[in-house]
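The structure displayed is predicted, hence computed values, not measured ones.
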Amino acid sequence: MVTAVEPGAAMAAHLNQRAIDLDGVEVVNASYEEFDTARRVAGVVAANSFHWLDPATAYPRAAGQLNDDGALALVWNFPVAGDDDVQRLLNERAWIEPLQDLRRDLASDTSALERSLADGRREVMASGLFGAPVWEMTTIEEQWTVDQLAKFSASLATTTGRVNLIVERLAALGLDEPIHILNRVYTSVSNRT
């Protein structure tokens with residue numbers, strides 16, 4: 001049984017529609033903090049979300065939901081345009097106030113990202129509830145349409161409620177071709193101690 005916990009009503013409805021034909025998948029519209037289950041599970045997986053939770057409660061909650069040999073898996077993705085000119089165009093003309101959090105620079109983002117992810121691994125271990133994470137960073141080359149870039153960008157917490165602005169700014173750039181994306185996917189798995 002897979003239970004997907006999603007706090008956003010629209011996203012939960014979308015997930016429910018996508019999972020309608022999947023046996024053993026349920027979608028619950030609730031925050032992780034509100035969600036309660038007496039059932040113990042083999043894994044707690046958070047995608048692009050665990051950093052929004054208070055570590056003082058998130059780690060104990062995850063550990064409490066896991067079987068004795070269960071694991072916490074954390075996944076994030078960090079896409080950047082594979083073409084520096086396209087990324088520069090996005091940074092200078094689309095990802096400006098109030099969307100500046102979407103700016104990316106492949107060269108400088110990498111070292112800051114590595115430091116941030118290392119801090120996250122230390123945080124997992126500092127909880128005292130999980131062992132040292134096994135982790136991997138994989139770069140996947142993809143071709144995204146402007147619509148796909150808009151949907152991903154609008155799904156981030158820093159852009160909540162700004163979907164129309166994102167679509168408007170991307171449309172103004174006149175990008176007709178698919179955008180070459182280097183999607184850096186980070187996965188960290190820690191066993192419960």
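Residues Val45 and Val185 do not share a hydrophobic cluster, clusters being chains of Ile/Leu/Val/Met/Phe/Trp/Tyr side chains in contact below 4.5 Å. Linking Ile, Leu, Val, Met, Phe, Trp and Tyr residues whenever their side-chain heavy atoms come within less than 4.5 Å leaves Leu15 and Val2 in two separate clusters. Tyr59 and Trp135 fall within the same hydrophobic cluster, where Ile, Leu, Val, Met, Phe, Trp and Tyr residues are linked whenever their side-chain heavy atoms come under 4.5 Å apart, directly or through other members. By the criterion of side-chain heavy atoms lying less than 4.5 angstrom apart, applied directly or through intervening Ile, Leu, Val, Met, Phe, Trp or Tyr residues, Ile20 is not grouped with Leu22; the two fall into different hydrophobic clusters. Criterion: ILVMFWY side-chain heavy atoms under 4.5 Å apart, direct or through other members. Under it, Leu117 and Leu156 are not part of a common hydrophobic cluster.
Interatomic distance, Leu53 CG to Thr57 OG1, rounded to the nearest 0.5 Å: 7.0 Å. A distance of 5.5 Å separates CD1 in Ile181 from CG in Leu149, rounded to the nearest 0.5 Å. Here CG of Leu99 is found 11.0 Å from CG of Leu90. Values are rounded to the nearest 0.5 Å. Rounding to the nearest 0.5 Å places CG of Leu175 at 14.0 Å from CH2 of Trp144. Between the CG atom of Leu182 and the CD atom of Glu141 there is a distance of 5.5 Å, given to the nearest 0.5 Å. Rounding to the nearest 0.5 angstrom, the gap separating the CZ atom in Phe130 from the OG1 atom in Thr193 is 7.5 Å.
Among Asn164, Leu170, Val163, the single residue meeting the side-chain contact (heavy atoms from CB on, under 4.5 Å) criterion with Ile166 is Leu170.
Closest heavy-atom contact between Tyr186 and Ser188: OH-CB, 3.6 Å. Among all heavy-atom pairs drawn from Met1 and Val25, the shortest one is SD-N, 4.4 Å. Nearest heavy-atom pair across Phe50 and Ala58 is CZ-CB, 3.6 Å. The nearest pair of heavy atoms linking Thr139 to Arg184 is OG1-CG, 3.6 Å. Shortest non-hydrogen contact noted between Ala62 and Val44 is O-CG2, 4.1 Å. Smallest separation of non-hydrogen atoms from Val5 and Ala30: CG1-O, 3.2 Å.
Here the side chain of Asn91 pairs a donor or acceptor atom with the backbone of Arg104 at under 3.5 angstrom. For the pair Arg40 (side chain) and Asn67 (backbone), a donor-acceptor distance under 3.5 Å is absent. With hydrogens and angles ignored, the 3.5 Å screen pairs a side-chain donor or acceptor of Ser155 with a backbone N or O of Phe152. At distances below 3.5 Å, at least one donor-acceptor pair connects side-chain atoms of Arg192 with backbone N or O atoms of Leu66. Not a single donor-acceptor pair under 3.5 Å links the side chain of Thr159 to the backbone N or O of Arg162. Looking at Ser127, its side chain does come within 3.5 Å of a backbone N or O of Val124 through a donor-acceptor pair.
Around CD of Gln100, the count of heavy atoms belonging to other residues, nucleotides or ligands within 6.0 Å exceeds 12. By the 6.0 Å contact criterion, CG on Asp23 is open, its count of non-hydrogen atoms from other residues, nucleotides or ligands being 12 or less.
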Verdict with reasoning, Ile96 to Arg169, per side-chain contact (heavy atoms from CB on, under 4.5 Å):
CA-CA 9 Å; Ile96 55 176; Arg169 293 237 180 114; 3.5 Å; yes
side-chain contact (heavy atoms from CB on, under 4.5 Å), that's the test. Do Asp69 and Asn191 meet it? Break it down for me.
CA-CA 7 Å; Asp69 59 348; Asn191 288 328; over 6 Å; no
Result block: side-chain N/O donor-acceptor pairs under 3.5 angstrom for residues 71-83, not counting sequence neighbours:
{"residue": "Trp76", "atom": "NE1", "partner": "His51", "partner atom": "ND1", "Å": "3.0"}
{"residue": "Asn77", "atom": "OD1", "partner": "Asn48", "partner atom": "ND2", "Å": "2.7"}
{"residue": "Asn77", "atom": "ND2", "partner": "Asn183", "partner atom": "OD1", "Å": "3.4"}
{"residue": "Asp83", "atom": "OD1", "partner": "Asp85", "partner atom": "N", "Å": "2.8"}
{"residue": "Asp83", "atom": "OD1", "partner": "Val86", "partner atom": "N", "Å": "3.4"}

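The side-chain heavy atoms of Asn16 and Asn29, taken from C-beta on, include no pair separated by under 4.5 Å.
Remark: Gln17 engages no residue in a side chain to side chain contact (heavy atoms under 4.5 Å, CB included) (not counting sequence neighbours).
Salt bridge annotation for Arg88-Asp84: absent, with no cationic side-chain nitrogen under 4.0 angstrom from a carboxylate oxygen.
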